[in-house]
Asks: 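Structure in structure tokens, see below.
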Amino acid sequence: MKHIKAIMQNPALKRQIMLRVYYSYGLSILTNTAFWQAVMLVVSGSLLAKWLHVASIIDNFLAVPVKEVPSFVSNSFLGAISHGEVLTVAVLVLALAVTYLSAKRLAAALLPQTLVTR
């Protein structure tokens, strides 16, 4: 008990001990994989929100005449593939597939069975 009282009375020693505690706590956080997964999730989410912002997509579609929308979409996909953005195209196709399947399952669950076609 005398040692603890001596530490509490010596502010320099107390500060040095607490700095070591803070350093070890910081290192334990930086070496935790969940921390890095959360960092990557936040970074990828913010980049995705910046690149695929709904307003910019709508502005791009509104800039194209209606009769040229199918060719605009196909040229956009072909341009992305030819410029090495295959992962972007794959994510977009996967997102569209998930949206379609989710809407189909939601309709099957909410609408009467006679209205849902299989």
Side-chain angles (χ1 to χ4, degrees):
M1 223 35 179
K2 290 182 181 181
H3 299 323
I4 295 174
K5 288 182 182 179
I7 291 172
M8 297 305 276
Q9 291 175 354
N10 187 352
L13 184 60
K14 182 180 176 183
R15 183 176 184 274
Q16 186 179 12
I17 291 172
M18 290 309 295
L19 277 177
R20 289 183 183 179
V21 169
Y22 296 145
Y23 289 151
S24 65
Y25 180 70
L27 284 175
S28 70
I29 287 177
L30 290 176
T31 58
N32 191 349
T33 57
F35 170 76
W36 289 109
Q37 288 174 350
V39 167
M40 292 301 148
L41 179 66
V42 168
V43 168
S44 63
S46 63
L47 288 176
L48 185 67
K50 179 182 175 187
W51 292 335
L52 297 179
H53 195 269
V54 175
S56 65
I57 293 173
I58 291 173
D59 288 342
N60 286 339
F61 274 122
L62 292 178
V64 176
V66 175
K67 65 181 180 179
E68 296 175 10
V69 168
S71 64
F72 173 75
V73 171
S74 65
N75 289 338
S76 296
F77 276 110
L78 292 175
I81 290 172
S82 67
H83 289 96
E85 297 174 3
V86 178
L87 188 60
T88 304
V89 173
V91 168
L92 187 58
V93 168
L94 181 65
L96 290 173
V98 167
T99 303
Y100 170 73
L101 292 175
S102 299
K104 186 176 177 182
R105 285 189 180 194
L106 185 63
L110 296 178
L111 296 175
Q113 291 298 326
T114 57
L115 296 177
V116 177
T117 60
R118 291 183 183 220

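Starting from 1, each residue takes its place in the sequence as its number.
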Asks: Could you list the donor-acceptor pairs under 3.5 angstrom formed by side chains in residues 39-47, with sequence neighbours left out?
Replies:
unit_1 : atom_1 : unit_2 : atom_2 : d
S44    : OG     : M40    : O      : 2.9
S44    : OG     : L41    : O      : 3.1
S46    : OG     : V42    : O      : 3.2
S46    : OG     : V43    : O      : 2.9

Asks: Could you check if a side-chain atom of T31 sits within less than 4.5 angstrom of a side-chain atom of W36, using non-hydrogen atoms only?
Replies: no
Asks: Looking only at heavy atoms, what is the nearest atom pair of F35 and I29, with distance?
Replies: CB-O, 3.5 Å
Asks: Only counting residues at least two apart or in another chain, list the ones meeting side-chain contact (heavy atoms from CB on, under 4.5 Å) with A80.
Replies: E85, V89
Asks: In terms of hydrophobic clustering (I, L, V, M, F, W, Y; side-chain heavy atoms under 4.5 Å; direct or indirect links), are V91 and F77 co-clustered?
Replies: no
Asks: Going hydrophobic residue to hydrophobic residue with side-chain gaps under 4.5 angstrom, can you get from V73 over to I81?
Replies: yes
Asks: Identify, with sequence neighbours excluded, every residue that meets side-chain contact (heavy atoms from CB on, under 4.5 Å) alongside E68.
Replies: V64, P65, S71
Asks: With rounding to the nearest 0.5 Å, note down the distance linking CD in Q37 to CG in N32.
Replies: 8.5 Å
Asks: For residues 93-103, which side-chain N or O atoms pair as donor and acceptor with protein atoms under 3.5 Å away, sequence neighbours left out?
Replies:
unit_1 : atom_1 : unit_2 : atom_2 : d
T99    : OG1    : A95    : O      : 2.7
S102   : OG     : V98    : O      : 2.8

Asks: For L27, give me all partners under side-chain contact (heavy atoms from CB on, under 4.5 Å), at least two apart in sequence or on another chain.
Replies: none
Asks: Output side-chain donor-acceptor pairs under 3.5 Å for residues 17-25, partner residues at least two apart or in another chain, one line each.
Replies:
unit_1 : atom_1 : unit_2 : atom_2 : d
S24    : OG     : R20    : O      : 3.3
S24    : OG     : V21    : O      : 2.8

